[in-house]
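Keep in mind that what you see is a predicted model, and the values were worked out from it rather than measured. Excluded from the calculations below are hydrogen atoms, water molecules and symmetry mates; all remaining heavy atoms, backbone and side chain alike, are included. Throughout, a chain's letter reflects where its sequence line sits, starting with A, and its residues are numbered from 1.
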Amino acid sequence: MQTQKMLTQRTNPSHLLYLRPTKSYPFTTATATPTPTPPPPQQPLEAAALATLILTSSNPQALAQTLHSPTIQWTPQLVNTILKRLWNDGPKALQFFNLLSHHPSYSHHPSSFDHAIDISARLRDSPSLRSLIYRMRSARLGPTPKTFAIIAERYASAGKPHRAVKVFLSMHQFGCFQDLQSFNTILDVLCKSKRVEMAYNLFKVFKGKFRADCVSYNVMVNGWCLIKRTNKALEMLKEMVKRGLTPNLTSYNTMLKGYFRAGQINEAWDFFLEMKKRDCEIDVITYTTVIHGFGVAGEIKRARKVFDTMVKKGVLPSVATYNAFIQVLCKKDSVDNAIVIFEEMVVKGYVPNSITYNLVIRGLCHRGDMERAMEFMGRMKDDGCEPNVQTYNLVIRYFCDEGEIDKALDLFQKMTSGDCLPNLDTYNILISAMFVRKKSDDLLVAGNLLIEMVDRGFVPRKFTFNRVLNGLLLTGNQGFAKEILRLQSRCGRLTRKIKL
DNA sequence: TTAGGGTTAG
């Protein structure tokens with residue numbers, strides 16, 4: 001941060017101001033007056049204020065003192081809300097968790113430990129992860145099966161599925177026995193990270209021992225569908241029947257979705273008809289799957305027909321159904337027609353969620369109608385649906401594409417000062433945009449963004465480092481380039497050390 | 001967080 005400030009002051013083009021840390025937050029909220037149980041509606045405000053305080057504080061001792069103040073009524077919900085708000089600043093989130101661990105009267109809930117473990121695993125901070133597990137165990141709060149699921153998922157998404165399996169197999173060493181449920185979880189973790197063959201091998205080895213049930217088979221059906229191997233998925237369905245298990249609606253909906261995903265539209269339709277013929281209780285998920293599937297395939301008329309007929313059959317669309325339809329209208333029809341459906345759902349009393357808004361906003365951006373997109377973003381706020389990191393990322397991306405870099409940076413500034421922290425995507429989008437105008441100052445911003453993202457626990461790709469380095473060298477910023485080079489070697493050491 | 005339906009563009 002210090003370096004960043006220095007660089008900002010040295011060069012001082014106006015848009016570098018975006019990267020200045022905000023001044024310390026005036027902490028004068030309702031929490032100053034002690035109340036035995038704060039009313040629930042005030043909690044979000046309190047969480048937001050505390051998160052800002054944690055983010056802007058540079059003095060851990062003073063922060064600890066504030067966090068330990070008896071005026072704050074700590075609850076697991078409050079702690080978890082703050083951890084979620086600080087999600088995209090992992091180091092700060094862990095600092096908060098650790099400072100609060102020394103509170104004189106409050107002790108962390110297992111769910112908060114799980115959040116902290118998830119964050120340290122994502123940061124690939126193994127000492128921190130080990131310490132958290134050790135502390136959780138000493139306090140006899142876990143690790144729970146959920147803790148293992150979190151760690152396994154982090155390994156799988158970090159491209160280390162073998163380690164995920166090892167975590168599952170080592171559960172009993174931590175006093176946590178493997179059962180059917182945890183078996184299904186590890187299968188699901190592997191399948192969702194597309195390691196379906198590995199999941200299947202594990203399934204074959206242990207299906208007898210854990211008495212694989214309908215859920216185990218459904219997980220495997222979904223796995224094969226995710227990698228578009230619908231024949232294998234169908235085989236799983238047949239095998240489950242052979243073993244005396246009855247497929248349920250989830251099994252069929254999964255298979256149906258698989259056909260659409262694999263582009264087998266005719267098979268999907270036949271499967272849907274077969275479901276109807278067999279008196280399967282077709283539900284809102286079935287219809288949503290068909291509407292989305294047809295739409296993605298460009299068959300808007302058929303999607304609309306299914307959308308219209310579901311109500312006649314006594315199945316009410318859900319917000320997800322509207323979202324599916326709105327998405328495909330934006331992509332394969334027109335944004336205007338999508339907005340018609342959007343307004344229709346509002347009239348009918350549905351409450352659009354952030355996904356709904358993001359779909360419409362994306363549609364408008366894609367058409368180049370940034371003004372209307374921003375109007376929808378305002379409407380989103382007015383409706384009490386705060387724009388999330390995806391909303392910001394998509395609008396920032398389109399502003400950058402249109403060459404409106406300053407507008408993109410304006411939005412980024414709003415994120416940093418507000419309550420939606422930028423994520424890895426945000427930094428990547430903005431850093432790439434800093435090369436568009438071929439302005440030397442933009443390269444300095446890119447460098448500062450790189451420093452800030454590392455500060456927040458993100459590891460930039462080698463490509464990003466090289467690009468910024470080259471840019472800085474070409475624009476005569478040798479000193480800054482050296483600094484970035486040091487940062488890169490620090491990150492390199494960090495990535496090589498990964499061993500959760 | 002034991003399973004199924006809506007946010008990504010290239």
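For A:T288 against B:dG5, a side-chain N or O and a base N or O form a donor-acceptor pair under 3.5 Å.
The side chain of A:A320 has B:dG5 as its nearest neighbour among B:dT1, B:dG5, B:dA3. Residue A:S318 has its side chain nearest to B:dG5 when only B:dG5, B:dA3, B:dG6 are considered. Of the listed nucleotides (B:dA3, B:dG5, B:dT1), B:dG5 has the atom at the smallest distance from the side chain of A:T321.
Dashed line: the shortest gap from a side-chain N or O of A:K257 to OP1 or OP2 of B:dG6 is under 4.0 Å. Considering only side-chain N and O atoms, A:H292 lies under 4.0 angstrom from the phosphate OP1 or OP2 of B:dG6. For the OP1/OP2 pair of B:dT8 and a distance below 4.0 Å, the side-chain nitrogens and oxygens of A:R362 include at least one atom meeting the criterion.
In this model, no donor atom of one side chain and acceptor atom of the other lie less than 3.5 Å apart for A:S193 and A:S157.
At whole-Å resolution of the value, CD1 in A:I285 and C1' in B:dA3 are 11 Å apart. The CZ atom of A:F272 sits 13 Å away from the C1' atom of B:dG5 (whole-angstrom rounding). Taking atom CZ of residue A:F168 and atom C1' of nucleotide B:dT2, one finds them 12 Å apart after rounding to whole Å. Rounding to whole angstrom units, OH of residue A:Y259 and P of B:dG5 are separated by 17 Å. What separates CG of A:N323 from P of B:dG5 is a distance of 14 Å, to the nearest Å.
Note on A:V284: a base of the nucleic acid sits closer than 4.0 angstrom, heavy atoms only. Using a 4.0 Å heavy-atom cutoff across all strands shown, A:N353 reaches at least one base atom of the nucleic acid.
Using atom P as the reference point in both B:dG5 and B:dT1, the two lie 13 Å apart (nearest Å).
By the 4.0 Å N-to-carboxylate-O rule, A:E299 lies too far from A:R304 to be salt-bridged with it. Salt-bridge annotation for A:R437 and A:D406: present, with a side-chain N of the basic residue lying under 4.0 Å from a carboxylate O of the acidic one.
Side-chain contact between A:F376 and A:I339 is present, with at least one heavy-atom pair separated by less than 4.5 Å.
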